[in-house]
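What follows is a short report on a single structure.
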Amino acid sequence: MILKIFFWVILLKLALSTSDDFTYNGFKGVNLSLDGLAGITSDGLLKLTNASRHAMGHVFLSVPLRFKTPQDNVLSFSTTFVFAIVPEYPTLGGAGFTFVLSPSRDLTQASPNYFLGLFNMTDNGNPSNHIFAVEFDTWDSPEAEDINNNHVGIDINSYISNKSTPAGFTSDYDGKFKNLNLLSGEPMQAWIEYDGIEMQFNVTLSPLWTPKPKIALLSSTINLSSIILDHMYVGFSASVGPSYSYHYLLGWSFKMNGAVPELNLSSLPPLPQNMASIKEKAKILSLWLPLAFLGLVLVIAGAIVVGVRKKKFSELREDWELDFASNRFSFEQLYKATRGFKDENLLGIGGFGRVYRGVLPASKVEVAVKRVSHESKQGVREFVAEIVSLGKLRHRNLVQLLGYCRRKGELLLVYEYMPNGSLDNFLFFEDKQTLDWDRRFQIIKCVAFGLQYLHEGWDQVVIHRDIKASNVLLDSDMNGRLGDFGLARLYDHGAAPQTTNVVGTLGFLAPELARACKVTTSSDVFAFGAFLLEVACGRRAIEPNKQEIEQVLVDWVFANWKMGMIHETKDPKLGEDYVLEELDLVLKLGLFCSHPMPSARPSMRQVTQILHGDVPLPQLLPCQSHFSESRRVVSFQKLHILDLVAIQCVQLHLGGERLFGGSTSRNDTSLIPNGS
Ligand SMILES: *[C@@H]1O[C@H](CO)[C@@H](O)[C@H](O)[C@H]1NC(C)=O
Ligand SMILES: *[C@@H]1O[C@H](CO)[C@@H](O)[C@H](O)[C@H]1NC(C)=O
Ligand SMILES: *[C@@H]1O[C@H](CO)[C@@H](O)[C@H](O)[C@H]1NC(C)=O
Ligand SMILES: *[C@@H]1O[C@H](CO)[C@@H](O)[C@H](O)[C@H]1NC(C)=O
Ligand SMILES: *[C@@H]1O[C@H](CO)[C@@H](O)[C@H](O)[C@H]1NC(C)=O
Ligand SMILES: *[C@@H]1O[C@H](CO)[C@@H](O)[C@H](O)[C@H]1NC(C)=O
Ligand SMILES: *[C@@H]1O[C@H](CO)[C@@H](O)[C@H](O)[C@H]1NC(C)=O
């Protein structure tokens, strides 16, 4: 007790000797240290992020505050702030933001995207970070083991929360818990309090103008003394991935040792209103009113134009699509975005159709628009339902699907734009720039993660069906992202096959596909194996112009491995720049994944563990004759036949019966979301 009193006395003294409390009702003219996307608007709003993607912003008090007594006890502190998160799409925002205590105000080494602007792959989880943060997280990241895409959590040196809970508050009025949607765009107030003696930590949240609820949202007992250093910077960080949110702070107050000063809610700056621009338009319109006659002429002329436009921008819309309205783009939007699908906007032509680069007119979002011809009406509904539900798949190693549009005989799919194009461009061309080994190994790990997520990370198993270097895209940081997932399934729903790439690509089709016409996760693993070899050997899985023994990459690597010269197959463009152990691992893992027996292949979870060195690669010990026996089935000539068989499988299916199981789902074979 005496000790406690003594401690309090010291605390009091310290409290008196420092002026570590401040109140900002709006941030006009406030001297803070900002970086990245952060800025203060002319209204005095503090903006942590803006409409940029794959980026972050930080705000810190310019001077560090003293958080410990000379006896190394952590001081109590409390803070409150009002924030609003305004997302790009109603349900899809950036990663979220945090209130953070950090030994340094330079967190620019953190990765943007999903790390909340606090950590990167290397330093995540490192006790020497000395970072303590409260996250307001709007992204459901499987790697961060997030509970949902709308939660509050405590992060200690890692973006995997120590404790987290869905956003909301317990009403003082009826004692019931009420959810709050962080992405609602509405201002909310948060309180964060730490009692240095009891070591108790509370986070409380409420809608603006609601008094602080008596029951805290998140309570935890944490000994901060090894986490917090003597002096720490206080501030906020936020990050955004493929879709952005504006993260705004309207006001902030902070106090060491004592109750935090109240914010004056009526003097906080207003959030920007889209209404302003609508009002502006109304004003312009009213100018025209006196000129009624001219107006009439315009209306007639307009009607003609509209008639022509209507035809040009006509779409196919059916009643059942109402459910998917928020995922639907208008053709006019996409037409304008791609400047009329001009050739100079053409990014590529694939088995599924042409892909165009575009910039959405209103939001200036860069997108890739894929035009897929789709004559059959049969199965469209299921496919659209699938596409929409696939759009809910979010992972930093997948290319995000943003929505769709439908016209007569055509489906348009809108994806996040990947500025560095597809991986095959960097691998297979002598004259072009190539990728160093580190980058290649990194991309392999990315794709493995993405595929593992498709197979296991969701409540339904999603089978990609067409993994290959040209379906791996590179984002602005040259990270690998798996694209086109679920598209191969389109053929189950009646799209016209344009090439032989029907249910996969020559050289990537697992032998059992031909025998049983059964698509499984292990046929994806087979293709992933061929992909690994493509990356390590810098050549395509099938090269008909090579001499016979080299034509099929898997066969060639296998033959070399048997002779103990597997390294001879490495990409000559790598020169001496590679890590022998990693190259060895990738080549052998490639063979392991492409094992002719599906049951002998690893799962994607095992693959990622092996790639990260958590689990050693099992000894490749094929019962030699068996391995090569089955291998022979996949020899080049036969592959042509396999492909034809595969085509027939699809056509049989179109004939009515579902031969292609498609997704071997844990719950259900269909990808259609329940209840929609
Ligand atoms: C802001 O604060 C920093 C650190 O105290 C100081 O160096 C700088 O001069 C201040 N800037 C303004 C405009 O007051
Ligand atoms: C966001 O802010 C940064 C830094 O102030 C600026 O460079 C960038 O252009 C802004 N982006 C958008 C889309 O406004
Ligand atoms: C990760 O951040 C640390 C500092 O926190 C920095 O030293 C390191 O270089 C960063 N790593 C990468 C890959 O950016
Ligand atoms: C949370 O932090 C406490 C104290 O630092 C630690 O004992 C506990 O293991 C952590 N829990 C998790 C899930 O990280
Ligand atoms: C945390 O909240 C609980 C009630 O939820 C309260 O009893 C406790 O005093 C609070 N602690 C702090 C440090 O505010
Ligand atoms: C808190 O942690 C510090 C350092 O880890 C330790 O010295 C101290 O005894 C702990 N306090 C309590 C009350 O457990
Ligand atoms: C709060 O702000 C309003 C508007 O700026 C002002 O009129 C009022 O006096 C302020 N209240 C307090 C308690 O400072």
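Atoms within a ligand are numbered from 1 in the order they appear, just like the ligands themselves.
Side-chain atoms of Lys573 never come within 3.5 Å of backbone atoms of Leu435 as a donor-acceptor pair (strictly under, hydrogens ignored). In terms of modelled atom types and a separation under 3.5 Å, the side chain of Glu534 and the main chain of Ala469 share a donor-acceptor contact.
Here is the list of ligand 3 atoms found below 4.0 Å of a heavy atom in Thr122: 1 (C), 10 (C), 11 (N), 12 (C), 13 (C). The Ser225 neighbourhood of ligand 6 comprises atoms 1 (C), 2 (O), 3 (C), 4 (C), with distances under 4.0 Å to a heavy atom of that residue. Less than 4.0 angstrom separates some heavy atom of Ser266 from each of these atoms of ligand 7: 1 (C), 2 (O), 3 (C).
Taking the centre of each ring, Phe132 and Phe201 come in below the 6.0 Å mark. Taking the six-membered ring where the residue is Trp, the centroids of Phe83 and Phe236 are separated by 6.0 Å or more.
Remark: minimum distance from atom 3 (C) of ligand 7 to any protein heavy atom is reached at Asn264 ND2, 3.7 Å. At the shortest separation from atom 4 (C) of ligand 7 among protein heavy atoms lies Ser267 CB, 4.0 Å. For atom 2 (O) of ligand 6, the closest non-hydrogen atom on the protein side is Asn223 ND2, 2.3 Å. The shortest contact between atom 5 (O) of ligand 6 and any protein heavy atom is with Ser226 CB, 3.9 Å. Nearest protein heavy-atom neighbour of atom 9 (O) of ligand 3: Gln109 OE1, 3.8 Å.
Contact annotation for atom 14 (O) of ligand 7: protein present (non-hydrogen atoms, distance under 4.0 Å).
Relative ring orientation between Phe81 and Phe97 is described as perpendicular, the plane-to-plane angle rising above 60° on a 0-90° scale split at 30° and 60°.
The environment of Leu229 atom CG is dense: over 12 non-hydrogen atoms of other residues, nucleotides or ligands sit within 6.0 angstrom.
Residues Met121 and Phe115 are in side-chain contact: their nearest non-hydrogen atoms beyond the backbone lie under 4.5 Å apart.
Looking at Asn129, Asn120, Asp123, Leu107, it is Asn120 that brings a heavy atom closest to atom 1 (C) of ligand 3.
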